[in-house]
A.B. asks: 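Handing you a structure now.
Since the structure is predicted, the reported quantities are computational estimates derived from the model, not experimental observations. The sequence lines fix the lettering, A, B, ..., with proteins before strands; numbering per chain opens at 1.
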Amino acid sequence: MSPGVPKSPLPIFCSIRADLDRVAADLTGASRIALDIETYGPRKGDGLDPWKGDIRLLTLSRHGGTIWTIDLRATGYELGPLKPVLEQATLIIHNAKFDLLWLRVKCGLFATKVACTLTAARLLAADTKPGNNLDQCLERYLQIPSAADHSRSDWASMLLTEDQLAYAARDVAHLHDLLCVLEGELEMNDLQQVWALESGLLPVVVNMEHTGIRVEREKLAAIAAEADRLAQQAAADLRTALGNPALNPASPSQVLAALRAKGIKLESTAEEALKAADDGTLIPLVLIHREAIKRAQQAEALVGHIKADGRIHGRFEPLGTATGRFSSKEPNLQNIGRGELREAFAVQDGRRLVVADYSQVELRAAAAIAGETRMIDAYKAGADLHKLTASVVLGKPETEVTKGDRQLSKAVNFGLLYGQSAPGLVRYAATSYGVSMKGDQATEIRQAFFRTYSRLRQWHGLSHNQAQAGVTEVQTRTGRRRLIPTTASDWERFTALVNTPVQGGTADGMKQALILIDQRLPQSARIVSTVHDEVVVECHEDAAEQCRGIITTAMVEAMAALFPEVPVEVEANICTTWAEK
DNA sequence: GCTCCCAGCGCG
DNA sequence: AAAGCGCGCTGGGAGC
């Protein structure tokens, strides 16, 4: 540390169990307690794994009070009198999900009230990336110069250095002040509602990550082995057919060159391009290889994430996206293939999964936002909107709409909703729904769609005008903001303007539903996953029917509160695997 | 040996 | 002129 910079105060260091009484006594009755932990252990990816590592220090302080730092390796994880104190207070934490998950895993702490300064900073940043780590926040909001970072120092060593203790103290010393400033900023930006939502959500996410989702290792291993066999076979066949024993079928550049050498005209080796140039022999092999290798990788990756309890504890990031949706990682549980892989997500005897998802929720939200009466009326009448769209864009009565027509109109509804062009629709229909059409047909469909849904067209027109006028931000109905970079093109502004209120708005509804579900579920039931418009709950088989009702009611209630113009529908099934749905 | 970017692709 | 949106993960390939 440079001589001119004053050293941070040292905390009171606690290393015997009797100290816990002193700390508890000091903190009792504090409505807000600043908290931070330091951890050590094997590194997994970017962060540390609470199922493998350990907490070294727990540092706590009431506003303006003593800073206590507890050596949990010395005292043990049993928090004694401190536990109820921490469970009753609002805990101020930078990146609360991280600390609370560790404290749940190690100390069995159930925090219910939390104020996460990282969450606040991210809501304020609204998808700009100013850097939201604690140091950067202290600098931005309290003008405190940054200090040396000891977060990755050796927290396992027998004797901690003065610098380390000072660092631990500093991390909580300013949290109360930081939160005060952040709260003022949140209010000034009309973010109180979404701040309350995200704050209420955090303990729910901690519960979910802590619970994890059960998988069958053998099933996953079998899928991986079979997919790997298929991939090897396709690779071998491809090498033979091309007369190129060294070809790497996973290399786009090699595959492109090899196919071109065989006289196949290709712009790229993307699936869409390959399907358009299908030669009936080589290209199917490439596609089979792609599909199989992907499945094998995904299955193997899932196996690698199974913890000792036989469950996968993926991470869900509530503010991991620009719109307000969750992101999911380590592993990503939001892109699991819909086929056999989901069969591996299975309960034990006596347990059940309730798999619940919103029906066409983005379409309903868009209809509400745009005031698209034709769509709203159709939903109110209980109509099948995909069928209706098929009927109007194809100009045939609903009774004559085929399954293929309905597939087409799914692409139409979901694509055109966000501004897709006619050529884009051709591509999307082909790749996502296996529906082929000509460019001029797509143009006609597009025109018919916006002729029919004229309020949707007006909403797009308004968004287009705003985009051209250089609008810099967009909000969801709960007030969640997304700031549009000044460098964005008109097109990017337009898509942000139409996409965010819909995708972000439904995310807001889903998040509120998760909070309600968590509150209302019986003891034996746990939320184990969520995928944008879907939630998966594990429960005792005897409670499954009851849970199904609770979940359905909560989901409808939460979303309908945000989009009262349109009916909200939820489908919930009781299953033994995620594949049944 | 490491980091970075890209293509490609799984999901909603 | 042309343009669906939102993610995370993987391997290849380039560059250091």
A.B. asks: I want to check one thing: is the phosphate of C:dG6, taken as OP1 and OP2, less than 4.0 Å away from some side-chain N or O of A:R482?
C.D. replies: yes
A.B. asks: Contact class for A:K329 vs. all strands (heavy atom < 4.0 Å): base, sugar-phosphate, or nothing?
C.D. replies: sugar-phosphate
A.B. asks: Looking across every strand, which nucleic acid part, if any, lies under 4.0 Å from A:Q254 by heavy atom: base, sugar-phosphate, or nothing?
C.D. replies: sugar-phosphate
A.B. asks: Over all strands shown, is A:R446 touching base, sugar-phosphate only, or nothing at heavy-atom distances under 4.0 angstrom?
C.D. replies: nothing
A.B. asks: Would you indicate what A:N248 reaches in the nucleic acid, counting non-hydrogen atoms under 4.0 angstrom: base, sugar-phosphate, or nothing?
C.D. replies: sugar-phosphate
A.B. asks: Can A:K97 be said to sit on top of A:F316's aromatic six-ring, NZ or CZ under 6.0 Å from centre and within 45° of the ring axis?
C.D. replies: no
A.B. asks: Would you state whether a donor and an acceptor, one from the side chain of A:R325 and one from the base of B:dG12, lie under 3.5 Å apart?
C.D. replies: yes
A.B. asks: Do A:N335 and B:dG10 have a side chain to base donor-acceptor pair shorter than 3.5 Å?
C.D. replies: yes
A.B. asks: Applying a 4.0 Å non-hydrogen cut-off, can you work out what A:E271 is touching in the nucleic acid: base, sugar-phosphate, or nothing?
C.D. replies: sugar-phosphate
A.B. asks: Quick one: label A:R295 by what it contacts on the DNA or RNA (base, sugar-phosphate, nothing), any heavy atom closer than 4.0 Å.
C.D. replies: nothing
A.B. asks: Is the phosphate of C:dG8 approached by A:R315 (side-chain N or O, under 4.0 Å from OP1 or OP2)?
C.D. replies: no
A.B. asks: Before you tell me yes or no, could you show the steps for A:T576 and A:E580 under side-chain hydrogen bond (donor to acceptor under 3.5 Å, both in side chains), namely the whole-Å CA-CA distance, both residues' side-chain angles and the distance that decides it to 0.1 Å?
C.D. replies: CA-CA 7 Å; A:T576 57; A:E580 293 166 26; 2.5 Å; yes
A.B. asks: Does A:S327 make a side-chain N or O approach to OP1 or OP2 of C:dG8 shorter than 4.0 Å?
C.D. replies: yes
A.B. asks: Which is true for A:T500 with a 4.0 Å heavy-atom rule: it touches a base, it touches only sugar-phosphate, or it touches nothing?
C.D. replies: nothing
A.B. asks: So which nucleotide from B:dA7, C:dA3, C:dG6 ends up closest to the side chain of A:P252?
C.D. replies: B:dA7
A.B. asks: In terms of side-chain heavy atoms of A:A322, which of C:dC7, B:dC11, C:dG13 is nearest?
C.D. replies: C:dC7
A.B. asks: Think A:T269 has a side-chain N or O under 4.0 angstrom from the OP1 or OP2 of B:dG8?
C.D. replies: yes
A.B. asks: Check every strand shown and say whether A:Q503 touches a base, only sugar-phosphate, or nothing at a heavy-atom separation below 4.0 Å.
C.D. replies: base
A.B. asks: Hey, which of A:I283, A:I264, A:L287 is the one that makes side chain to side chain contact (heavy atoms under 4.5 Å, CB included) with A:D278?
C.D. replies: A:I283
A.B. asks: Distance check: side-chain N/O of A:S328 vs OP1/OP2 of B:dC11, anything under 4.0 Å?
C.D. replies: no
A.B. asks: What's A:A496 touching, base or sugar-phosphate or nothing? Going by heavy atoms closer than 4.0 Å.
C.D. replies: nothing
A.B. asks: Given C:dG4, C:dC9, B:dG12, which nucleotide is nearest the side-chain atoms of A:N332?
C.D. replies: C:dC9
A.B. asks: Under 4.0 Å, heavy atoms only, any strand: does A:R493 hit a base, just the sugar-phosphate, or nothing?
C.D. replies: nothing
A.B. asks: Which pair of heavy atoms, one from A:G324 and one from A:A507, lies closest together, and at what distance?
C.D. replies: O-CB, 3.6 Å
A.B. asks: Search all heavy atoms of A:V536 against all heavy atoms of A:V355 and return the closest pair with its distance.
C.D. replies: CG1-CG2, 4.3 Å
A.B. asks: Out of B:dG8, C:dC5, C:dT10, which nucleotide sits closest to the side chain of A:Q297?
C.D. replies: C:dT10
